[in-house]
*Asks:* 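Let me begin by handing over the structure; questions about it come next.
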Amino acid sequence: MGDPLERQGSDAAAGLESCMKEELGMEIDLPTPPPATSKDGVVATADDWRRALALVVPAVVVLRTTAARAFDTEAAGASYATGFVVDKGRGIILTNRHVVKPGEGGLKRKLFVLILCCYGPVVAEAMFVNREEIPVHPIYRDPVHDFGFFRYDPGAIQFLSYEEIPLAPEAACVGLEIRVVGNDSGEKVSILAGTLARLDRDAPHYKKDGYNDFNTFYMQAASGTKGGSSGSPVIDWQGRAVALNAGSKSSSASAFFLPLERVVRALNFLQNGKDISGGEWKAVTIPRGTLQVTFMHKGFDETRRLGLQSETEQMVRLNSPVGETGMLVVDSVVPGGPAHKKMEPGDVLVRVNGEVLTQFLKLEMILDDSVGRKVELHMERGGTLLTVELESVLVTVDRHEWYAPPLMYTRNDSTGLWIPTPALHPGAQLLVSSYHCNGKSAACHTTELSGALDPLESNLQCTNEDRGDDSTKMQTDDENMEKNIVEALPSGEESNIEKKRRRLEEDSTSERNIFSDGSEHEARDMTLEDTQTLETSTFAYDQRLTTTNASTAEQVIEHTLVMLEKKQSDSQVIRREPPLRRGDSVYLVGLSRSLQATSRKSVVTNPCAAVNIGSADCPRYRATNMEVIELDTDFGSTFSGVLTDERGRVQAIWGSFSTQVKYGSSAEDHQFVRGIPIYAISEVLDKIISGAKGSLLLINGIKRPMPLNRILEAELYPTLLSKARSYGLSDAWVQALAKKDPIRRQVLRVKGCLAGSKAERLLEQNDMLLAINKVPITCFRDIENACQELDKCQGSDGSLNVTVFRQGHEQELVVGTDVRDGNGTTCMVNWCGCVVQDPHPAVRALGFLPEEGHGVYVARWCHGSPVHRYGLYALQWIVEINGKLTPDLETFVDVTKGLEHGEFVRVRTVHLNGKPRVLTLKQDLHYWPTWELRFDPETATWRRSTIKAMDSNVA
């Protein structure tokens with residue numbers, strides 16, 4: 001395969017920022033070239049080029065575009081490119097189609113017209129050479145070729161004198177000296193020299209699944225353009241644009257230029273849509289005809305091999321321009337189109353409407369002028385002459401809506417904005433539909449629309465998390481979900497549902513009888529499963545797995561794993577048992593990837609292995625201060641489940657952990673599976689069931705208090721006593737710790753404290769924790785038990801008397817503890833496309849919080865948003881907006897409420913590495929309104945509310 005071709009738009013956000021930092025001045029350092037001869041024989045000198053460039057450069061602009069949403073073949077994102085003024089009075093800028101961004105066709109109007117606007121949501125600005133920046137709006141994107149137009153307000157340019165660049169497609173010829181003036185590589189407005197080498201190159205093929213031009217020739221020159229020069233004018237020595245830069249092949253320094261004949265035609269139509277003296281833009285129709293057939297220009301040598309008769313070749317050569325080397329051959333035919341079953345790949349086109357035709361341009365002219373009328377084509381297929389009559393139809397789909405159910409977005413041709421309107425009329429019913437979220441099926445229930453839908457307040461309900469760019473988590477009403485599913489099914493399927501329901505009830509009944517001495521917990525809807533498995537696995541709740549020769553443990557746990565929710569939780573299955581010891585036999589019972597029940601016997605090799613997971617490149621949850629169970633058999637990560645003893649009693653959850661392994665500058669995620677002791681789970685479960693103190697949370701339809709957990713917010717790791725002695729720990733302490741725990745024979749050391757915790761300024765890295773309240777401690781559970789004892793003491797201030805060994809000396813410290821409810825993040829705000837929230841524990845574990853305030857942490861950002869365009873990325877705090885401090889989310893919301901659409905905002909940030917920064921960004925409330933997502937414990941759902949949005953009627 002050959003080298004890949006490059007479109008000249010650049011998507012590098014960093015380059016977008018850097019290219020604006022330097023002066024966009026013209027750098028012309030031209031050695032004296034040999035005299036250039038134009039098409040009319042006039043010799044151009046270096047002075048001629050300097051005069052031409054002095055007129056051209058002021059009319060060339062840097063375009064900064066942001067695709068607010070993924071649309072058609074293009075993804076959401078920010079990029080920069082080049083354009084140039086072709087109509088100063090009306091304010092029209094010419095650039096490439098892929099800069100204007102793709103979209104759907106025009107509104108349904110008349111059969112013979114195509115509305116001028118056909119592109120997706122895009123926000124763009126143009127910057128002139130004197131750094132005047134103005135907003136521009138797309139007005140046309142050609143449905144076939146790689147060109148489009150932006151418009152701007154000519155009155156907005158106050159300090160620059162410039163002229164429009166005339167278009168002269170007839171001036172292009174082989175050997176013509178040209179200059180490409182554009183924003184090459186995002187550095188500066190550059191000027192690249194070249195010579196037109198070909199006028200009949202095939203249209204470049206950029207990528208398989210994206211846009212590629214067709215049915216046209218391209219020009220080629222060795223000018224070596226790079227990213228960012230899309231839409232640059234290709235000028236001659238008189239300052240006329242003879243072509244439009246579009247793509248390049250970097251390995252050969254070749255650049256590809258689009259001819260301007262169809263550009264001139266489209267521009268003439270646009271100029272008729274607005275009077276030069278002023279007034280509003282009118283919706284202009286630009287008829288473009290097509291047979292829905294793509295052609296390739298093949299040389300006469302190849303057409304002969306396709307069966308072209310020698311008499312036909314002779315006739316074509318005599319009636320074609322001098323120097324003609326080939327003919328048009330059918331490359332593909334669109335199924336269902338006008339030429340379907342009438343033309344085939346390999347057909348050689350001879351005449352159109354009785355005229356010999358060998359060039360794309362003439363074919364396009366005929367089709368454009370014949371929209372809605374018949375066109376007669378003469379062609380040869382394997383030496384046989386065929387004649388067909390086809391109708392030239394519109395080249396694009398005649399729809400102009402962007403659907404986002406239940407809303408329909410329609411583009412306003414005058415303003416360039418997409419306006420949302422309800423897709424269904426008031427009173428209409430939404431059909432019941434089934435869909436999948438994170439691998440689990442859910443059902444939407446039927447509702448009636450009592451009025452017009454608010455596009456910013458509409459809620460999509462789902463049973464599981466949807467962690468896209470908006471980081472939303474929404475749930476549906478579990479009581480009505482099964483009922484609504486049954487209502488939507490035919491009677492036959494409904495009976496099957498009833499059978500499965502009865503079967504499930506029978507399974508639950510039989511499960512209650514497994515143990516005669518078991519007592520039922522009040523909480524019947526608790527889930528016992530590894531978190532990572534829940535997110536990635538799909539289990540059928542009504543599937544009854546039975547196996548022969550299964551162990552007793554497998555028969556006991558089987559229903560729990562299949563149904564996930566243990567409706568009748570038996571105290572003898574989950575209870576506090578003596579901890580496992582080295583050498584104990586256990587059974588690993590779980591489900592494989594094929595949902596088959598599996599039971600494996602193994603032996604415990606280490607019942608108290610400390611988990612040691614390093615920090616990832618991006619802060620995320622990682623298990624700390626935790627002991628796990630290791631087995632003598634490596635079962636891999638193909639399945640997970642529970643560890644039981646021979647009596648079927650659950651001893652541990654066999655769960656997966658994620659860690660990041662670094663290889664030089666790169667890192668890869670790896671998973672490993674270990675046993676999580678059941679006592680860590682049963683203690684929390686007992687608190688929930690017994691109604692311990694805490695905020696109420698709706699759990700499976702029952703409001704229960706979430707227990708408050710008192711913890712020492714420090715990350716610890718164990719060190720063997722033999723090694724601790726080498727650090728200076730006295731023999732007395734070594735003997736005391738060994739006596740306390742002869743199995744572990746270790747001491748805990750401080751790896752770091754969570755930023756903002758009460759222990760942050762007291763404990764230091766590498767401190768050895770020897771005792772709490774004069775009682776030696778050797779494991780993580782000793783600290784947990786000491787923290788729980790504080791809650792039982794009346795009048796306790798929540799502090800621990802800790803004995804530490806620091807730099808060869810023992811010290812007594814009073815260290816405060818922190819209380820957490822386990823709810824985690826309960827509120828987030830989406831502003832300008834970034835998700836801000838309180839820093840989660842994984843961020844605080846890195847040990848840094850800005851002094852100015854740490855309540856507005858940027859956790860995520862969205863492609864195509866203002867923060868993407870201006871470089872406000874994740875892993876930093878917003879500490880100031882327009883000079884006003886934002887120490888917490890409430891203050892941040894109050895400040896951003898006063899910001900208007902299109903207003904530039906000055907933002908001061910502090911990065912996770914402590915580096916401050918000031919940047920500006922332009923708020924876009926039309927595509928990126930400010931909204932809040934807050935967790936409601938009363939209903940256990942996330943609720944979205946709009947904070948600031950632009951009125952949909954505002955132009």
*Asks:* I need the full list of salt bridge (Lys or Arg N to Asp or Glu O under 4.0 Å) pairs touching residues 885-902, with sequence neighbours left out, sorted by first then second residue.
*Replies:* Glu900-Lys948

*Asks:* Considering non-hydrogen atoms only, spot the tightest contact between Leu875 and Cys618 and give its length.
*Replies:* CD2-SG, 4.3 Å

*Asks:* Just so I know, are the side chains of Pro619 and Leu846 near enough to count as touching, which here means a heavy-atom distance under 4.5 Å?
*Replies:*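 Counting from C-beta outward, Pro619 and Leu846 do come under 4.5 Å.
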
*Asks:* So, the side chain of His901 versus the backbone of Leu925: is there a donor-acceptor pair under 3.5 Å, distance only?
*Replies:* yes

*Asks:* Say you draw a straight line from SG of Cys753 to CG of Leu763; how long is it, rounded to the nearest 0.5 Å?
*Replies:*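 Between Cys753 SG and Leu763 CG, I get 4.5 Å after rounding to 0.5 Å.
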
*Asks:* Side chains of Leu698 and Arg704: closer than 4.5 Å at any heavy-atom pair?
*Replies:* no

*Asks:* Among all residues two or more places apart in sequence or in another chain, which pass the salt bridge (charged side-chain N to carboxylate O under 4.0 Å, His left out) test with Glu132?
*Replies:*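 Salt bridge (charged side-chain N to carboxylate O under 4.0 Å, His left out) check on Glu132 returns nothing, list empty.
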
*Asks:* Please assess Leu933 against Cys827 for the test side-chain contact (heavy atoms from CB on, under 4.5 Å), listing each intermediate value before the final yes or no.
*Replies:* CA-CA 6 Å; Leu933 199 63; Cys827 179; over 6 Å; no

*Asks:* Kindly compute the distance separating CG (Leu63) from OH (Tyr80), expressed to the nearest 0.5 Å.
*Replies:* 12.5 Å

*Asks:* So, using side-chain hydrogen bond (donor to acceptor under 3.5 Å, both in side chains) as the criterion, who are the partners of Thr826 when residues are at least two apart?
*Replies:* none

*Asks:* Between Glu760 (side chain only) and Gly756 (backbone N and O only), is there a donor and an acceptor less than 3.5 Å apart?
*Replies:* yes

*Asks:* My understanding is that only residues two or more places apart in sequence, or in another chain, count here; which of them pass side-chain contact (heavy atoms from CB on, under 4.5 Å) with Ala67?
*Replies:* Lys101

*Asks:* If you round to the nearest 0.5 Å, how far is OG1 of Thr939 from NZ of Lys703?
*Replies:* 9.0 Å

*Asks:* Going by atom types alone, do Gln837 and Thr825 pair a side-chain donor with an acceptor below 3.5 Å?
*Replies:*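 Result is yes, a qualifying pair exists.
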
*Asks:* Restricting to salt bridge (charged side-chain N to carboxylate O under 4.0 Å, His left out), what partner residues turn up for Glu880, sequence neighbours left out?
*Replies:*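 Salt bridge (charged side-chain N to carboxylate O under 4.0 Å, His left out) check on Glu880 returns nothing, list empty.
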
*Asks:* Partners of Asn882 by side-chain hydrogen bond (donor to acceptor under 3.5 Å, both in side chains), sequence neighbours excluded?
*Replies:* none

*Asks:* Which heavy atom in Cys834 sits nearest to a heavy atom in Val858, and how many Å separate them?
*Replies:*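 Residues Cys834 and Val858, closest heavy atoms: CB-CG1, 4.0 Å.
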
*Asks:* Considering residues at least two apart in sequence or located in another chain, which fulfil the side-chain contact (heavy atoms from CB on, under 4.5 Å) criterion with Asp669?
*Replies:* Arg620, Gln660

*Asks:* Is any side-chain heavy atom of Val122 closer than 4.5 Å to a side-chain heavy atom of Tyr927?
*Replies:*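 Answer no - side chains too far apart.
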
*Asks:* Locate the shortest heavy-atom distance separating Leu762 from Gly816; write the atom from each residue and the value.
*Replies:*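 Taking every non-hydrogen atom into account, CD1-N, 4.3 Å.
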
*Asks:* Counting N and O atoms only, with roles assigned by atom type, does the side chain of Asn709 sit under 3.5 Å from a partner on the main chain of Asp821, one being a donor and the other an acceptor?
*Replies:*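 Not a single qualifying donor-acceptor pair exists.
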
*Asks:* If I compare all heavy atoms of Val611 with all of Ala623, which pair ends up nearest, and what's the gap?
*Replies:* CG1-O, 4.0 Å

*Asks:* When you look at Glu713 and Arg820, which way does the salt bridge (Lys or Arg N to Asp or Glu O under 4.0 Å) test go after all the steps?
*Replies:* CA-CA 10 Å; Glu713 289 200 322; Arg820 296 289 179 258; 3.1 Å; yes

*Asks:* Evaluate the side-chain hydrogen bond (donor to acceptor under 3.5 Å, both in side chains) criterion for residues Thr886 and Thr891: first the C-alpha distance (whole Å), next the side-chain angles of each, then the deciding distance (0.1 Å), finally the verdict.
*Replies:* CA-CA 5 Å; Thr886 55; Thr891 306; over 6 Å; no

*Asks:* So do Lys751 and Leu716 actually touch side chain to side chain, heavy atoms under 4.5 Å?
*Replies:* no

*Asks:* According to the interplanar angle, ranging from 0 to 90°, do the rings of His868 and His863 count as parallel (below 30°), tilted (30 to 60°) or perpendicular (above 60°)?
*Replies:*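 Rings of His868 and His863: perpendicular, as their planes differ by over 60°.
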
*Asks:* Quick one: does Val856's side chain get under 4.5 Å of Trp831's, heavy atoms only?
*Replies:* no

*Asks:* Between Arg943 and Glu932, is the closest basic N to carboxylate O distance under 4.0 Å?
*Replies:*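 No.
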
*Asks:* I would like to know whether Leu712 and Val815 meet side-chain contact (heavy atoms from CB on, under 4.5 Å); could you show each step before the answer?
*Replies:* CA-CA 8 Å; Leu712 178 66; Val815 182; 3.7 Å; yes

*Asks:* Show your reasoning for whether salt bridge (Lys or Arg N to Asp or Glu O under 4.0 Å) applies to Arg64 and Glu133.
*Replies:* CA-CA 10 Å; Arg64 300 196 298 185; Glu133 186 180 57; 2.3 Å; yes

*Asks:* Please test Glu715 against Thr624 for side-chain hydrogen bond (donor to acceptor under 3.5 Å, both in side chains), starting from the C-alpha separation and ending with a verdict.
*Replies:* CA-CA 6 Å; Glu715 184 177 351; Thr624 58; 5.7 Å; no

*Asks:* Could you report the tightest heavy-atom contact between Thr95 and Ser230, atom names first, then the distance?
*Replies:* OG1-O, 4.0 Å

*Asks:* Considering all heavy atoms of both residues, which atom of Ala714 and which atom of Asn625 are nearest to each other, and what is their separation?
*Replies:* O-ND2, 2.7 Å

*Asks:* Checking Lys884 now: which residues fulfil salt bridge (charged side-chain N to carboxylate O under 4.0 Å, His left out) with it, not counting sequence neighbours?
*Replies:*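 Once residues adjacent in sequence are excluded, Lys884 has no partner under the salt bridge (charged side-chain N to carboxylate O under 4.0 Å, His left out) criterion.
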
*Asks:* Which residues pass the side-chain hydrogen bond (donor to acceptor under 3.5 Å, both in side chains) test with Arg710, sequence neighbours left out?
*Replies:*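 Residues passing side-chain hydrogen bond (donor to acceptor under 3.5 Å, both in side chains) with Arg710: Asp791, Thr817.
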
*Asks:* With a 4.5 Å cut-off on side-chain heavy atoms, are Val907 and Ile878 touching?
*Replies:* yes

*Asks:* Can you confirm if the aromatic rings of Trp928 and His926 lie within a centre distance of less than 6.0 Å?
*Replies:*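 Centroid separation for His926 and Trp928: 6.0 Å or greater.
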
*Asks:* Just wondering, do Val829 and Leu889 contact through their side chains at under 4.5 Å, heavy atoms?
*Replies:* yes

*Asks:* Between Thr930 and Thr896, is any side-chain donor less than 3.5 angstrom from a side-chain acceptor?
*Replies:* no

*Asks:* Whether the side chain of Gln923 engages the backbone of Leu899 through a donor-acceptor N/O pair (distance < 3.5 Å, no angle test) should be reported.
*Replies:* yes

*Asks:* For Pro839, which residues count as a side-chain contact (heavy atoms from CB on, under 4.5 Å) partner, sequence neighbours excluded?
*Replies:*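 side-chain contact (heavy atoms from CB on, under 4.5 Å) check on Pro839 returns Val843, Arg844, Leu849, His854, Tyr857, Trp877.
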
*Asks:* For Thr909, which residues count as a side-chain hydrogen bond (donor to acceptor under 3.5 Å, both in side chains) partner, sequence neighbours excluded?
*Replies:*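 If we apply the side-chain hydrogen bond (donor to acceptor under 3.5 Å, both in side chains) test to Thr909, skipping adjacent residues, the hits are Gln876.
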
*Asks:* Checking side chain to side chain contact (heavy atoms under 4.5 Å, CB included) between Val61 and each of Phe150, Tyr152, Phe128, which is the one that passes?
*Replies:* Phe128

*Asks:* Not counting sequence neighbours, which residues clear salt bridge (charged side-chain N to carboxylate O under 4.0 Å, His left out) with Lys922? List them please.
*Replies:* Glu125

*Asks:* Indicate yes or no for a side-chain donor-acceptor contact from Arg908 to the backbone of Val918 under 3.5 Å, with no hydrogens or angles considered.
*Replies:* no

*Asks:* For side-chain contact (heavy atoms from CB on, under 4.5 Å), just list the numbers for Tyr870 and Thr66, CA-CA rounded to whole Å, side-chain angles, deciding distance to a tenth of an Å, and then say yes or no.
*Replies:* CA-CA 10 Å; Tyr870 294 97; Thr66 304; over 6 Å; no

*Asks:* Atom CD1 in Ile613, atom OG in Ser658: separation rounded to 0.5 Å?
*Replies:* 7.5 Å

*Asks:* Take Leu921 and Phe904 through the side-chain contact (heavy atoms from CB on, under 4.5 Å) test and state the conclusion after the steps.
*Replies:* CA-CA 5 Å; Leu921 61 84; Phe904 272 95; over 6 Å; no

*Asks:* Taking the side chain as every heavy atom from C-beta outward, state whether Cys787 and Leu800 have any pair of such atoms under 4.5 Å apart.
*Replies:*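 They are in side-chain contact.
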
